[in-house]
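Treat the numbers as computed from the prediction; the structure is a model and nothing was measured. So you know, we letter chains A, B, ... as the sequences are listed, proteins then strands, and number each from 1.
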2 protein chains.
Amino acid sequence: MKRLETDECGFASALNAISGKWKMGILWEVTLQPRRFGELRRLLPGVSEKVLAQQLREMEADDLIRREVFPGAVQKVEYSVTDFGRSLNEAVDALSRWGKEFEKRQERKAMVA
Amino acid sequence: MKRLETDECGFASALNAISGKWKMGILWEVTLQPRRFGELRRLLPGVSEKVLAQQLREMEADDLIRREVFPGAVQKVEYSVTDFGRSLNEAVDALSRWGKEFEKRQERKAMVA
DNA sequence: GTAAGCGCTCACCCCAAGGTAAGTGGTTTT
DNA sequence: AAAACCACTTACCTTGGGGTGAGCGCTTAC
């Protein structure tokens, strides 16, 4: 992903971390519990393997999630949320609540129309 | 702008309102004080007239800003923030603060590398 | 022995957001 | 008379994020 110029704007920086179609979904899933690659595939219907792998890498680089390889005959990789990732979830909370309000308004408009 | 399916996720709804390269910039500027079209052009260096007009329309439809035409010989149109738009600014605040934290981390990483 | 699961990577394609540049219909300045 | 400001609109083009489908190296189940 190309990064925006942030020029001291916190919001633009935050966007750099969360923009990516599946990132917030991934963050949410690994917050509930650690997840494996194939598991995430199934939990996020519509995501392609390419993009899933890509966004997991970026989120790992941004320290939002942790990637752990477990030894053993069959490959096992687990993704879990970091403390920093958790803090993002909290920061997003207010915006989510606002979003619900927005949603209600949109529905009201749709009713009238 | 194409709208995402929100399926009861407040965050996705919020994204529908704020995604648009210049929307948060516009919101910020009209929050400081009412602005005219040409003024916004100058305040947001890089925005094209097409996209500015487009995003202003969408934000008006979403009730984030208000458009007022002033009578007179020369055209005068003013855009100002609505109460609902103000509430979005507040909701974005926590995320902006998180973004600043994120920015610091990125800088630290860049230092080491 | 072959199919299916694991966690990926790679080459290719599509599409919508956004940029470019020109035009519109008016007024005002020089 | 020409140029410049006002608030836009329109046709065209570019860009890059994300989807598709195949392949890889390995292991386990049928």
All N/O donor-acceptor pairs, side-chain side in residues 18-26 of chain A, below 3.5 Å, sequence neighbours left out:
| residue | atom | partner | partner atom | Å |
| --- | --- | --- | --- | --- |
| A/Ser19 | OG | A/Leu15 | O | 2.9 |
| A/Lys23 | NZ | A/Glu58 | OE1 | 2.8 |

Checklist line | Among C/dC6, D/dG19, D/dC6, the one nearest A/Ser48 by side-chain distance | finding: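 Of the options given, the side chain of A/Ser48 lies nearest D/dG19.
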Check: Of the nucleotides C/dG19, D/dA7, C/dC6, which one has an atom closest to the side chain of B/Val77?
Finding: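 Output: D/dA7.
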Next item on the list: For B/Asn16 and A/Phe102, work out which heavy atoms get closest and say how close.
Entry: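 In this case the closest contact between B/Asn16 and A/Phe102 is CB-CE2, 4.5 Å.
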Next item on the list: Specify the residues of residues 18-29 of chain A, ordered by number, for which at least one heavy atom lies under 4.0 angstrom from an atom of DNA chain D.
Entry: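 Residues of residues 18-29 of chain A under 4.0 Å from DNA chain D: A/Gly20, A/Lys21, A/Trp22.
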Next item on the list: For DNA chain D, find the residues of residues 52-69 of chain A with a heavy-atom distance under 4.0 Å and give them by number; none if there aren't any.
Entry: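 Here the set is A/Gln55.
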Which residues pass the side chain to side chain donor-acceptor pair (under 3.5 Å) test with [X], sequence neighbours left out?
X	value
B/Arg105	A/Asp63
A/Glu60	none
A/Gln54	none
A/Ser80	A/Arg66

Margin query: Under the rule for side-chain contact (heavy atoms from CB on, under 4.5 Å), what residues qualify as partners of A/Ala53, not counting sequence neighbours?
Written below: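 side-chain contact (heavy atoms from CB on, under 4.5 Å) list for A/Ala53, sorted by chain: A/Phe37, A/Arg57.
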Next item on the list: Report, as a single string ordered 5' to 3', how protein heavy atoms within less than 4.0 Å touch nucleotides 21-30 of chain D: B base, S sugar-phosphate only, - not at all.
Entry: ----B-SS--
Note to self: So, OP1 or OP2 of C/dC6: does either fall under 4.0 Å of a side-chain N or O from A/Arg42?
What the structure shows: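 Affirmative; the distance criterion is met.
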Checklist line | Under 4.0 angstrom between A/Arg36 side-chain N/O and C/dC6 OP1 or OP2 | finding: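 So the side-chain polar atoms of A/Arg36 never come under 4.0 Å of the phosphate oxygens OP1 or OP2 of C/dC6.
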To the nearest Å, how far apart are [X] [atom1] and [N] [atom2]?
X	N	atom1	atom2	result
B/Lys2	D/dG17	NZ	C1'	13 Å
B/Leu40	D/dA7	CG	P	9 Å
A/Arg41	C/dG7	CZ	P	11 Å
B/Glu39	D/dC6	CD	P	9 Å
A/Arg3	D/dG17	CZ	P	11 Å
B/Leu15	C/dA16	CG	C1'	17 Å
B/Phe37	C/dG25	CZ	C1'	16 Å
B/Phe70	D/dA7	CZ	C1'	15 Å

Notebook entry, point to check: Which pairs pass salt bridge (Lys or Arg N to Asp or Glu O under 4.0 Å) with one or both residues in residues 84-98 of chain A, sequence neighbours excluded?
Noted result: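 Qualifying pairs: A/Asp93-A/Arg97.
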Check: Does a side-chain N-to-carboxylate-O contact under 4.0 Å join B/Lys104 and B/Glu101?
Finding: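 The answer is yes: the pair qualifies as a salt bridge.
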Margin query: Do the side chains of B/Glu78 and B/Arg36 get close enough for a salt bridge, i.e. N-O under 4.0 angstrom?
Written below: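 Salt bridge: no.
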Margin query: For residues 38-61 of chain A, which residue pairs pass the ring pair (Phe, Tyr, Trp, His ring centres under 6.0 Å) check, not counting sequence neighbours?
Written below: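 Matches after skipping sequence neighbours: none remain.
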Next item on the list: Can you tell me which residue pairs pass the ring pair (Phe, Tyr, Trp, His ring centres under 6.0 Å) test with a partner in residues 40-74 of chain A, sequence neighbours excluded?
Entry: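 Qualifying pairs: none.
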Margin query: Once you apply a heavy-atom cut-off of 4.0 Å, does A/Arg35 come out as touching a base, just sugar-phosphate, or nothing?
Written below: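 The residue A/Arg35 makes no contact with any strand.
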